[in-house]
Amino acid sequence: MSTLVIVESPTKAKTIRNYLPKGYRVEASMGHVRDLPQSASEIPASVKGEEWAKIGVNVGANFEPLYVIPQDKKKTVKTLKDALAEADELILATDEDREGESISWHLLQVLKPKVPIKRMVFHEITEEAIQRALADCRDVDEQLVHAQETRRILDRLVGYTLSPLLWKKIAWGLSAGRVQSVAVRLLVRRERERRAFRRGTYWDLKASLSKDKAPFEAKLVTLRGTRIATGADFDEATGGLISGRNVLLLGEEEALALQARLQDSAWTVTNLEERPTTRKPSPPFTTSTLQQESNRKLRLSARDTMRTAQSLYEQGYITYMRTDSVSLSQQAIGAARECVEQMYGSAYLSPEPRQYSTKSKGAQEAHEAIRPAGGTFRTPQQTGLKDRELRLYDLIWKRTVATQMAEARQTNITVQIQAEDAGFRATGKRIDFAGFFRAYVEGSDDPDAAIEDQEVILPSLQVGDHPECQELEAIDHETQPPARYTEASLVKTLESEGIGRPSTYASIIGTIIDRGYAQMTNNSLVPTFTAFAVTALLETYFPDLVDTSFTARMEQTLDEISTGEAEWLPYLQKFYLGETGLDTQVKQQDSQIDPNEARKIVLEGLPAKVRIGRYGAYLEIDGEEGVVKANIPLDLTPADLNPEQVQTLLRQKTEGPDKIGFHPETGEPIYQMIGPYGPYVRLGDESEANPKPKRASLPKGVNPQDVTLEMAVNLLALPRLLGAHPDTGARIQANLGRFGPYVVHDQGKEGKDYRSLKKEDDVLTVTLERALELLNEPKAGRRSKSTTPLRELGPHPEDGEPVNIYDGPYGAYIKHGKVNASLPEGETVENIAMEVAVQALIEKAGTTKKGKRSTSKSTGTTKSTGTTKSTTAKKTTKTAAKSTKTTKSTTSAKSTTARKSTKSPKSEPSE
């Protein structure tokens with residue numbers, strides 16, 4: 001008897017194959033084998049003329065979805081059908097969540113098996129788990145399938161109904177989504193708060209004291225019995241103190257006078273309080289908390305975190321990574337406790353096994369937290385993993401083991417010190433027993449270093465002691481605007497509000513960035529002007545769709561459908577076709593929305609209007625000679641656009657650039673200008689003889705008002721030749737690049753070796769000695785491109801040319817001839833098979849050819865594919881521009897197809 005087992009990916013197939021008996025054949029479906037049509041070309045000819053076919057859902061026939069097998073999955077389907085023809089039994093072993101259940105159901109609809117069928121589920125890929133799952137198979141869960149299908153249809157209806165409206169009213173290429181649009185609104189609301197923020201200033205004193213030669217610090221907290229104002233006492237809207245606060249606001253004059261008065265005063269300890277506390281370890285990871293902590297500790301995006309976790313799961317290193325549960329099995333608790341005893345000793349073991357309960361209302365994905373797989377946890381060093389996979393596994397291992405460790409015990413110490421009528425406070429912290437801190441400290445990479453950092457040791461003090469004042473400083477402070485969202489804080493907010501499912505957050509954040517609604521700057525998500533315009537339109541005309549409470553209630557209903565508490569069809573009918581349904585609203589509001597008003601962004605206090613155009617945001621003002629328009633630089637955010645910047649941009653547009661002076665050698669004028677990517681200096685005027693005058697960007701942090709003629713001349717002289725490398729004799733230069741100032745060791749054909757300058761370095765003054773010092777340091781983050789392959793897969797089946805995997809600046813990639821393709825999701829360097837690599841190369845080559853044809857046929861389309869995408873492409877250097885040409889052309893091709901045929905979005909967000 002032969003049995004066919006179908007899983008989602010080749011990696012998972014390879015791992016599970018090791019634990020199945022003889023006679024079992026494992027094949028991969030490569031994800032979903034069918035889906036709603038993504039473009040007009042996928043719509044069957046039989047329904048192509050139907051209006052509903054544009055969205056892929058027959059609303060008039062009880063929301064019947066139109067499922068098609070994509071072209072790139074037809075070969076996979078044939079392979080599966082051929083394998084099934086030789087099998088006596090079919091086992092569907094896709095993931096245990098809704099998505100996995102849906103994949104299994106679609107496989108049944110496509111393959112139409114005539115042999116017995118079983119549904120096998122497991123949350124880790126170990127021999128014991130697979131054997132247990134084989135003995136406990138079930139049927140496909142129709143309720144889970146309906147729940148997933150309802151989500152899919154709902155997302156399609158929202159995306160394909162609202163997105164065309166956005167194209168018509170604001171700009172082509174924009175998209176809306178059930179969760180995506182709410183997430184964008186959160187970013188925009190925070191940016192509005194930052195714009196409305198008014199800075200407040202206050203002063204205080206810091207005393208450097210010592211007792212028995214042991215130094216410590218104390219801060220001023222009261223004066224004449226009244227508390228000193230701190231940042232928490234200020235009103236963000238006014239920049240002044242909050243009304244009714246009984247506090248004393250110190251200005252510079254009062255602070256300096258108090259400093260002088262207390263300089264020679266006697267200091268006396270008036271009170272000392274020690275308060276013991278304990279800290280419990282955090283629960284094991286869920287999907288959401290793993291994304292948050294990985295972003296904080298490892299600086300991984302939510303998308304990269306999930307991609308890496310998927311690979312670890314499919315290789316059998318961790319349990320299933322899409323889960324809302326924080327519970328651990330008895331097997332996992334036992335394995336964690338064994339690790340604690342072996343590595344830290346019984347003193348660090350919690351007295352009783354610690355179990356956590358899931359508080360999330362919608363927790364339903366898997367029944368256990370993310371943890372190392374198996375009944376015995378492999379230490380990170382025992383896994384043989386490398387790079388990103390090793391770091392993420394290490395994070396999961398430490399967090400899981402810490403759950404079974406003893407609580408940390410610490411003592412918080414507060415000392416009150418009086419100097420005349422001024423009260424000071426010194427605070428300390430003593431860790432009495434590290435407990436779980438030995439393994440894991442949230443937000444820190446090194447537990448031992450974190451323990452040291454957490455301790456603030458004070459000298460032995462008693463009431464009545466007289467510490468000596470070594471120094472007394474008057475310090476000024478400014479209140480700070482609300483912090484922008486990071487990926488971690490956005491994920492946390494979405495989950496706490498009950499918006500969307502944690503398993504989709506990675507794709508949602510990726511879509512927000514890809515569609516130009518936000519830029520990632522210093523790990524913060526910064527919304528663009530386009531995000532402001534789209535959010536304003538949705539808030540005005542479709543407020544429910546961007547309301548967090550409404551979206552959370554929708555999520556709750558979808559969860560109820562999965563448990564059978566709610567019916568899916570009546571819900572869809574009410575949501576889409578009811579009196580206040582989405583389709584009804586869009587038809588009613590279409591005529592009410594004025595495109596000119598929709599493209600306008602209201603920012604108070606500006607002397608000009610801000611509008612969205614085909615190529616990005618721009619300023620508009622009525623001048624004496626008509627309307628004046630000026631582009632807004634891409635790195636200038638809505639929160640940071642102020643009247644002075646507006647005046648500068650408009651003045652340069654009408655009067656020409658500001659002249660700094662004349663070059664001392666050539667006599668040419670040097671101008672200071674503002675371009676799409678920020679301020680820069682330019683040498684000379686544009687003319688037929690000199691169509692592209694030399695220019696140089698200002699270094700980050702340099703105020704345009706501080707630019708002198710000497711600085712401008714030096715910037716225009718870049719790159720600077722620092723000298724020759726003592727070993728190779730090759731040139732070493734300093735220059736400014738897209739990612740900031742750097743030095744480069746240029747060895748010609750041997751390649752170039754780059755190092756970024758540190759904060760303390762100046763590109764205009766850095767020396768050869770300092771450059772050599774930097775070049776001797778190992779590269780941080782990015783790895784240099786290697787000419788030695790990480791793995792040689794062998795000759796290509798068609799032309800015999802080698803297919804190799806190399807290490808690139810953005811991770812491993814497959815190379816065959818001139819075609820480079822990223823590793824498919826879920827694949828690793830060690831496990832990827834030749835046929836999977838060849839398929840990835842074919843898809844990449846096909847995309848490139850399609851893009852080139854599109855560019856030659858339609859030059860205008862590329863510009864109209866999306867407000868931000870088209871302008872972002874200009875941001876690259878000449879070299880980068882070449883490499884992104886294919887991507888832009890592909891986008892153009894997709895947009896052209898959609899415009900001519902279905903008028904459906906380029907691709908639809910997952911939520």
Side-chain angles (χ1 to χ4, degrees), residues 1-17 19-38 42-47 56-58 64-122 125 130 133-153 314 824-827 833 835-836 838-839 842-843:
M1 179 176 176
S2 63
T3 300
L4 174 63
V5 180
I6 300 180
V7 296
E8 296 94 331
S9 76
T11 304
K12 186 175 177 182
K14 182 179 179 181
T15 308
I16 197 175
R17 200 174 284 131
Y19 307 127
L20 291 172
K22 288 183 179 180
Y24 281 69
R25 175 179 175 180
V26 187
E27 293 290 345
S29 70
M30 310 299 289
H32 275 282
V33 291
R34 67 174 192 169
D35 197 2
L36 300 174
Q38 295 296 319
E42 292 184 353
I43 298 175
S46 59
V47 295
V57 178
N58 191 347
E64 182 182 355
L66 172 65
Y67 289 122
V68 298
I69 300 173
Q71 189 65 37
D72 62 346
K73 290 297 174 71
K74 289 184 177 178
K75 184 179 178 182
T76 301
V77 170
K78 183 179 184 306
T79 301
L80 295 176
K81 284 185 175 180
D82 291 344
L84 182 61
E86 301 173 3
D88 301 310
E89 182 183 49
L90 173 63
I91 294 180
L92 301 169
T94 53
D95 292 341
E96 61 180 331
D97 59 1
R98 293 178 185 141
E99 193 74 26
E101 207 71 20
S102 178
I103 291 173
S104 284
W105 181 79
H106 280 290
L107 283 167
L108 290 180
Q109 307 309 306
V110 171
L111 300 179
K112 303 185 187 312
K114 294 180 172 56
V115 296
I117 304 157
K118 293 179 181 178
R119 173 79 171 102
M120 182 171 85
V121 293
F122 43 86
I125 306 176
I130 297 303
L134 268 177
D136 190 26
C137 291
R138 60 169 172 80
D139 295 329
V140 171
D141 189 327
E142 294 287 342
Q143 284 186 343
L144 277 183
V145 172
H146 274 311
Q148 180 61 25
E149 192 170 49
T150 305
R151 284 172 183 273
R152 189 75 183 96
I153 293 171
E314 292 184 343
E825 187 170 342
E827 295 295 338
E835 55 269 25
V836 178
V838 169
Q839 184 62 33
I842 290 170
E843 291 174 4

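Because only heavy atoms are used, hydrogens play no part in the values below, and waters and symmetry mates are left out as well, while side chains stay in. Numbers here simply count residues along the sequence, with the first being 1. Every value quoted in this text rests on a predicted model; they were computed, and no experiment measured them.
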Item to check | Trace of the salt bridge (charged side-chain N to carboxylate O under 4.0 Å, His left out) decision for D35 with R152 | outcome: CA-CA 9 Å; D35 197 2; R152 189 75 183 96; 3.1 Å; yes
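- Between K12 and I125, the shortest heavy-atom distance links the atoms CG-CD1, 3.8 Å.
- Atom CD of residue Q38 and atom CG of residue L36 lie 7.5 Å apart, to the nearest 0.5 angstrom.
- W105 is listed as a side-chain neighbour of E149, based on a closest heavy-atom distance under 4.5 Å.
- For the atom pair E42 CD and Y67 OH, the distance stands at 14.0 Å (nearest 0.5 Å).
- Residue L84 holds its CG atom at 12.5 Å from OG1 of T79, rounded to the nearest 0.5 Å.
- For the atom pair Y24 OH and I91 CD1, the distance stands at 4.5 Å (nearest 0.5 Å).
- Between the K112 side chain and the Q109 main chain, a donor and an acceptor come within less than 3.5 Å of each other.
- Between S102 atom OG and D95 atom CG the span is 12.0 Å, to the nearest 0.5 Å.
- S29 and E8 form no side-chain donor-acceptor contact under 3.5 Å, judged by distance and modelled atom types alone.
- Taking all atoms of both residues into account, the shortest heavy-atom contact from A93 to V5 is CB-CG1, 3.8 Å.
- Nearest heavy-atom pair across T94 and S104 is OG1-OG, 2.5 Å.
- Judged by distance alone, the side chain of K73 and the main-chain N or O of H32 form a donor-acceptor pair under 3.5 Å.
- Closest approach of V33 to I69, counting heavy atoms only: O-CG2, 3.5 Å.
- For the atom pair I16 CD1 and E314 CD, the distance stands at 10.5 Å (nearest 0.5 Å).
- Checked for salt-bridge contact, R119 and D141 miss the test: no charged N lies under 4.0 Å from a carboxylate O.
- Around atom CD of Q71, no more than 12 heavy atoms belonging to other residues, nucleotides or ligands sit under 6.0 Å away.
- Within the 4.5 Å cutoff, no side-chain heavy atoms of T3 are placed close to those of P21.
- For the pair L80 and A28, the tightest heavy-atom approach, listed with the atom from each and the gap, is CD2-O, 4.1 Å.
- The pair E86-R25 counts as a salt bridge, with a side-chain nitrogen and a carboxylate oxygen less than 4.0 angstrom apart.
- When all heavy atoms of G31 and I103 are compared, the closest pair comes out as O-CG2, 3.8 Å.
- A salt bridge links R138 with E101; the closest basic N to acidic carboxylate O contact falls under 4.0 Å.
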